[in-house]
Amino acid sequence: MPETMTAPEPVMDTQPKAQELSLQGALNLALDEILAEDPKALVLGEDVGTLGGVFRVTSGLAAKHGAERVFDTPLAESGILGMSIGLAMAGFHPIPEVQFDGFAYPAVNQIVCQLGRMNYRSRGTLPMPVTLRVPSFGGIRAPEHHGESLEALFAHVPGLKVVSPSDPQQGYSLLKAAARMPDPVIFMEPKSRYWQKGLVTSTESPADVSGARIARPGKHLTLVAWGAMVSRCIQVAELAAEDGIDIEVLDLRWLKPIDAEALATSVGKTRRAVVVHEAPRTSGLGAEVAQIIIERCFGTLKAPVERVTGFDVPYPSGDLEDEYIPNIDRILFGIQRVLEYKRG
Amino acid sequence: MVDPVAPSDLVELYRLMTAVRQLDLAAISWQRQGLVPAYAPELGQEAAQVGSALAVDVCRDFVFPTYRELGVARACGVDMVEYMSTHKAIWHGGLWNPAETHVAPIQAVVAGSVLHAVGWAHGQTLDAHGEVPEAGYNVAITYLGDGASSQGDVHEAMNFAAIFKAPVVFFVQNNGWAISVPTEKQVAGGSVAARGAGYGIPAIQVDGNEAAAVLEATRRAVAHARAGHGPAIVEAMTYRRGPHATSDDPGRYRTLDEERADGGTDPLVRLRERILAEAAADAAALDAADASGKAEAEAVREGIMALGSRPGAEMFDLVFQEPTDELLRQKANWQEETDHA
């Protein structure tokens, strides 16, 4: 694990300034700025204070913004979420962390029955500006329950919005956007990408944070992905380019709401699509994406939408996770099936 | 220090408890008449509910009820037609404004809002930056029952509250029954209050059918939290004299003789006898309060009769503060197909 860093000073300049940061550093910068700009923002969770989080995303924040605003809770996820709901009722903007995806399960009642419904139940009088950060997905050889992909579960719940950044810039911009929203956002951080670096510009415009983004333009086929799978799909696209296949990579970013227009525009152009996700296939978000594409592009599709996904198995142990997570070969096979598809 | 229970408090308790009794009895008949599909009566818990609610100041404090807190809601000034709207299946949670009344929406998940009270209470200390204000902290009071005490969230809430020294009062109505399961099969050790010792939370078990005792105990608990000493637990030992809900049949799990023996003297009768014995008010004044309660119940019945459905568009409009495009699309489709049909 790299050296932990003290939180960078908030960037308040009006001039855009690019700096190279890891995803972890970009998220740390975003939280630092959120706490500086919004006096009602709070960071809470297990080990987020003195330690700075097990992934160091909250490193230095308690020292800088005070132990009242960045605080450790007892080790109980339902408590963290339930407390965040009460804090939101008291006018705060909590940013709770659940330390690993699999430990969101103990908080399901509070997330599904309470967080997602309080605005509705109270007829809009008790809004829930809560951003739940969840280190998500696999790829780090972690113990059981430390590598789950819960996006379909969250996206299925009315009243929640779901987003997943794919790189440092996305992490910075999307977290700042999520924290400003008056509704609950599940923020799924690809933990296998925490230490990958990229340029981060601290300017913001609505276009930077709303809907999907084209991570790589192309014209023969659209790869749809989110989180950690985006950079893998870009790798695949570079490989395919050597064979003259020009692939567009659409970084979906928002998993609820899904940017149907961006899907229609991209696949309307390429006429072929492969959806890639780590989560199990059955009832995964790939099915939702495929259906949106079919609704919008049925007449122009050259082949059925292909899914390259995890399997309908419990997330395997580290030795087998490379077999489970869509790898470059499996994604290339998926692309091949679409390109070689013949009608009838 | 807390105000001792004054003669005027006894009369106020009676005025509210008789109103609650009339509303509660009326609500069962409204269900039998088909005016509301279902109702969870609080018969027998009037002293626990009104006594505790009178100890909080809803101008500044915040109340987190379950689904059986008609008495609490009435004592806290919630409009009873808006309260009953949830039982008329108009809107889950009720139609009143929780932000204005400081009474949270009806909570159907047992122990679902206990943690919310802890969070809200912790927020009060954050707002005060850890310095107890001259007028003390605003206090959260959360209601739960013996059944709810089995939920893990209650443990998490009590532990969090003690760790953060949150100004929250856990008000437990131990009414003897969680639907069909008696307290002895629900609460190991026989007392929820006894668990306070493990968390370092001061706790008291009180006769929940003695309104003045409940009021005094809850005032002490609120004063403790207000002064910045952290959470407190009040366990009011009461009795659910009616069914769990209008769909329940207590005859399948307890006999009428058992109900009579376990229920003891009606808390309303006990309060009336005490008021008359202490000459806090005369019988005519109490009879007038009874009549006033009956008239109120009748007015609420008329209000419920007149209460119409909410527009279907609210299904979509109230999910988010900022609705998604997909939700707006679904709403437009729903509207178009509804209009067409």
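Below, read A as the first sequence line, B as the second, and so on, with proteins coming before strands; counting in each chain starts at 1. A quick note: this is a predicted structure, and the numbers were derived from the prediction, not measured.
Between B:Asp317 and A:Arg123 no salt bridge is recorded (no basic side-chain N to carboxylate O distance below 4.0 Å).
Within the 4.5 Å cutoff, the side chain of A:Lys161 has heavy atoms near those of the B:Phe320 side chain. B:Gln107 has its side chain within reach of A:Gln114: a pair of non-hydrogen atoms, C-beta onward, lies under 4.5 Å apart. A 4.5 Å side-chain heavy-atom check between A:Thr73 and B:Phe160 finds at least one atom pair inside the cut-off.
Atom CD of residue B:Gln321 and atom CG of residue A:Asp183 lie 6.0 Å apart, to the nearest 0.5 angstrom. For the atom pair OG1 of B:Thr324 and CG of A:Asp259, the computed distance is 12.0 Å after rounding to the nearest 0.5 Å. Atoms CD1 and CG, on A:Ile80 and B:Leu115 in that order, are 10.5 Å from each other to the nearest 0.5 Å. Note that CE of A:Met89 and OG of B:Ser113 are 8.0 Å apart. Values are rounded to the nearest 0.5 Å.
Contact of A:Leu42 with chain B is made through the side chain alone, with heavy-atom distances under 4.5 Å. Only the side chain of B:Glu156 comes within contact range of chain A, with heavy atoms under 4.5 Å apart. Neither the backbone nor the side chain of B:Glu100 comes within contact range of chain A; no heavy atoms are under 4.5 Å apart. If you measure heavy-atom distances from A:Met118 to chain B, the contacts under 4.5 Å come from the side chain alone. Only the side chain of A:Gln110 comes within contact range of chain B, judged by heavy atoms closer than 4.5 Å. For B:His155, no part sits under 4.5 Å from any heavy atom of chain A, backbone or side chain. For a residue to count as touching a neighbouring chain, one of its non-hydrogen atoms must lie under 4.5 Å from one of that chain's; by this rule B:Ile163 touches chain A with the side chain only.
Note: A:Pro257 leads A:Pro257, A:Ala260, A:Pro106 in heavy-atom pairs under 4.5 Å with chain B. Ranked by heavy-atom pairs shorter than 4.5 Å toward chain B, the options A:Thr125, A:Leu44, A:Ile258 are led by A:Thr125. Annotation: maximal heavy-atom pairing with chain A below 4.5 Å, among B:Asp127, B:Val114, B:Ile106, occurs at B:Asp127. For the options B:Leu95, B:Asn159, B:Val118, B:Asp325, heavy-atom pairs under 4.5 Å to chain A are most numerous at B:Leu95. In terms of non-hydrogen atom pairs under 4.5 Å with chain A, the most contact-rich of B:Glu322, B:Arg310, B:Glu326, B:His92 is B:Glu322. Across B:Gly112, B:Ala157, B:Ala121, B:Ala104, the residue that shares the most heavy-atom pairs under 4.5 angstrom with chain A is B:Gly112. With chain A as partner, the option from B:Asn97, B:Asn138, B:Thr86 having the largest number of non-hydrogen pairs under 4.5 angstrom is B:Asn97. Heavy-atom pairs under 4.5 Å with chain B peak, among A:Pro74, A:Ala90, A:Gly159, at A:Pro74.
Across every non-hydrogen atom of B:Pro98 and A:Ser122, the tightest pair is CG-CB, 4.0 Å. The two residues A:Cys113 and B:Val109 have their closest heavy-atom pair at CB-CG2, 4.3 Å. Across B:His129 and A:Glu68, no two heavy atoms sit closer than the pair C-OE2, 3.3 Å. Pairing each heavy atom of A:Leu126 with each of B:Pro105, the nearest pair is CD1-CD, 3.8 Å.
Aromatic ring centres of A:Phe92 and B:His122: separated by at least 6.0 Å. For B:Phe164 and A:Phe71, the gap between ring centers is short of 6.0 Å.
In this structure, A:Arg307 places its CZ atom where more than 12 heavy-atom neighbours from other residues, nucleotides or ligands lie under 6.0 Å away.
Remark: the backbone N or O of A:Tyr120 is paired with a side-chain donor or acceptor of B:Trp91 at under 3.5 angstrom. Remark: the backbone N or O of B:Leu318 is paired with a side-chain donor or acceptor of A:Asn119 at under 3.5 angstrom.
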